[in-house]
Asks: 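This is the structure I want to talk about, given as structure tokens.
Quick caveat, the model's predicted, so the values are computed rather than measured. Note: hydrogens, waters and symmetry copies are ignored here, and every other heavy atom, side chains too, is used.
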Amino acid sequence: MRGLKTIIFLIISNTFMTFAWYGHLKFKEYSWGKSMGLFTIILISWGLAFFEYVFQVPANQSGFKGDGGPYTLVQLKTIQEAITLTVFMVFSLLFFKSEKLGWNHLVGFSLNVLAVFVIFKKW
């Protein structure tokens, strides 16, 4: 159960972080965002990043083997990276419709999934 909680919390935290890092690129498309300065955008992004940490820190604590969770540190990081790419792919397809995913993006993503397999495989 801790493993599932970790993954759900990492998905939520990565969603907040993706919006913090890339969501502001859409602000100029709205009347309220056209006149925003860089400092305002940074403050909004920091506010979103706060919620990323609200979920990421408990996810790592719950999932870390040293704290009774099912994952090693390397496994946690690998899961997080795979989730980051998945969340980013969904985000870019939904919010940046002009961005297209090509075969090379899918191959690169598949290699990351392969990395998860390699990290978790007991050799």
Side-chain angles (χ1 to χ4, degrees):
M1 195 62 167
R2 288 181 78 162
L4 181 60
K5 175 186 172 187
T6 297
I7 291 170
I8 290 169
F9 275 29
L10 285 174
I11 290 169
I12 295 168
S13 76
N14 274 280
T15 301
F16 277 109
M17 202 64 204
T18 300
F19 274 95
W21 283 8
Y22 303 105
H24 64 86
L25 298 174
K26 297 294 272 184
F27 286 2
K28 64 184 173 278
E29 295 180 15
Y30 302 99
S31 59
W32 53 264
K34 289 182 180 180
S35 63
M36 280 187 185
L38 182 59
F39 187 72
T40 302
I41 292 170
I42 289 170
L43 289 177
I44 291 169
S45 292
W46 277 353
L48 289 168
F50 168 78
F51 293 102
E52 184 261 346
Y53 280 95
V54 165
F55 287 96
Q56 196 225 8
V57 170
N60 286 331
Q61 268 192 330
S62 176
F64 181 52
K65 221 173 217 167
D67 289 334
Y71 307 119
T72 67
L73 186 62
V74 173
Q75 289 172 332
L76 272 173
K77 182 59 179 171
T78 306
I79 293 168
Q80 188 271 328
E81 290 298 333
I83 289 171
T84 295
L85 282 179
T86 303
V87 167
F88 179 78
M89 185 171 65
V90 170
F91 173 84
S92 64
L93 290 173
L94 291 176
F95 293 99
F96 288 84
K97 300 201 186 301
S98 63
E99 296 285 323
K100 302 294 180 215
L101 292 177
W103 68 268
N104 56 326
H105 301 124
L106 296 175
V107 168
F109 179 71
S110 298
L111 290 172
N112 205 344
V113 171
L114 180 62
V116 173
F117 170 77
V118 170
I119 294 294
F120 276 82
K121 176 80 172 139
K122 302 292 184 216
W123 300 95

Asks: Within this structure, what is the CE-CG distance for the pair Met89 and Leu94, rounded to the nearest 0.5 Å?
Replies: 10.5 Å
Asks: When rounded to the nearest 0.5 angstrom, what distance separates CZ in Phe96 from NZ in Lys26?
Replies: 5.5 Å
Asks: Show which side-chain atoms of residues 40-52 pair as donor or acceptor with protein atoms under 3.5 Å away, not counting sequence neighbours.
Replies:
unit_1: Ser45; atom_1: OG; unit_2: Ala20; atom_2: O; d: 2.9
unit_1: Ser45; atom_1: OG; unit_2: Ile41; atom_2: O; d: 3.2

Asks: side-chain contact (heavy atoms from CB on, under 4.5 Å), that's the test. Do Gln56 and Asn60 meet it? Break it down for me.
Replies: CA-CA 6 Å; Gln56 196 225 8; Asn60 286 331; 3.3 Å; yes
Asks: Rounded at 0.5 Å granularity, tell me how far CG in Leu101 sits from CG in Leu93.
Replies: 4.5 Å
Asks: Enter the distance from Thr15:OG1 to Phe55:CZ here, rounded to the nearest 0.5 Å.
Replies: 10.0 Å
Asks: Please round to the nearest 0.5 Å and tell me the distance separating atom CG of Leu85 and atom NE2 of His105.
Replies: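 Result: 11.0 Å between the selected atoms.
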Asks: Over all heavy atoms of both residues, which pair between Ser62 and Pro70 is shortest? Give the atoms and the distance, please.
Replies: O-CD, 4.1 Å
Asks: When rounded to the nearest 0.5 angstrom, what distance separates CZ in Arg2 from CD1 in Ile7?
Replies: 13.5 Å
Asks: Side-chain donor-acceptor contacts of residues 106-123 below 3.5 Å, not counting sequence neighbours, with atom names and distances?
Replies:
unit_1: Ser110; atom_1: OG; unit_2: Leu106; atom_2: O; d: 2.8
unit_1: Trp123; atom_1: NE1; unit_2: Val118; atom_2: O; d: 3.2
unit_1: Trp123; atom_1: NE1; unit_2: Lys121; atom_2: O; d: 3.4

Asks: Do Ile11 and Phe64 share a hydrophobic cluster (ILVMFWY, side-chain heavy atoms under 4.5 Å, transitive)?
Replies: yes
Asks: Can you name the side chain to side chain donor-acceptor pair (under 3.5 Å) partners of Gln80, sequence neighbours left out?
Replies: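 Testing Gln80 for side chain to side chain donor-acceptor pair (under 3.5 Å), a comparison that skips the adjacent residues, returns Asn14, Lys77, Thr84.
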Asks: State whether the number of non-hydrogen atoms from other residues, nucleotides or ligands found under 6.0 Å of Trp32 atom CH2 is greater than 12.
Replies: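 Correct, the count exceeds 12.
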Asks: Flag this pair as yes if the NZ/CZ of Lys5 is under 6.0 angstrom from the six-membered ring centre of Phe9 and inside a 45 degree cone about the axis; otherwise no.
Replies: yes
Asks: Quick check: is Ile12 connected to Phe19 through a chain of hydrophobic side chains (ILVMFWY, heavy atoms under 4.5 Å apart)?
Replies: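 Cluster IDs for Phe19 and Ile12 match.
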Asks: Quick one, Phe88 with Trp21, criterion side-chain contact (heavy atoms from CB on, under 4.5 Å). Give me CA distance, side-chain angles, the key distance, then yes/no.
Replies: CA-CA 10 Å; Phe88 179 78; Trp21 283 8; over 6 Å; no
Asks: Hey, any chance Met17 and Leu25 share a hydrophobic cluster, counting ILVMFWY side chains that come within less than 4.5 Å of each other, even indirectly?
Replies: yes
Asks: Please say yes or no: joined through hydrophobic side-chain contacts below 4.5 Å, possibly via intermediate residues, are Tyr71 and Leu10 part of one cluster?
Replies: yes
Asks: Phe16 and Val57: same hydrophobic cluster, using ILVMFWY side-chain contacts below 4.5 Å?
Replies: no
Asks: Would you call the rings of Phe91 and Phe95 parallel, tilted or perpendicular, where under 30° means parallel and over 60° means perpendicular?
Replies: tilted
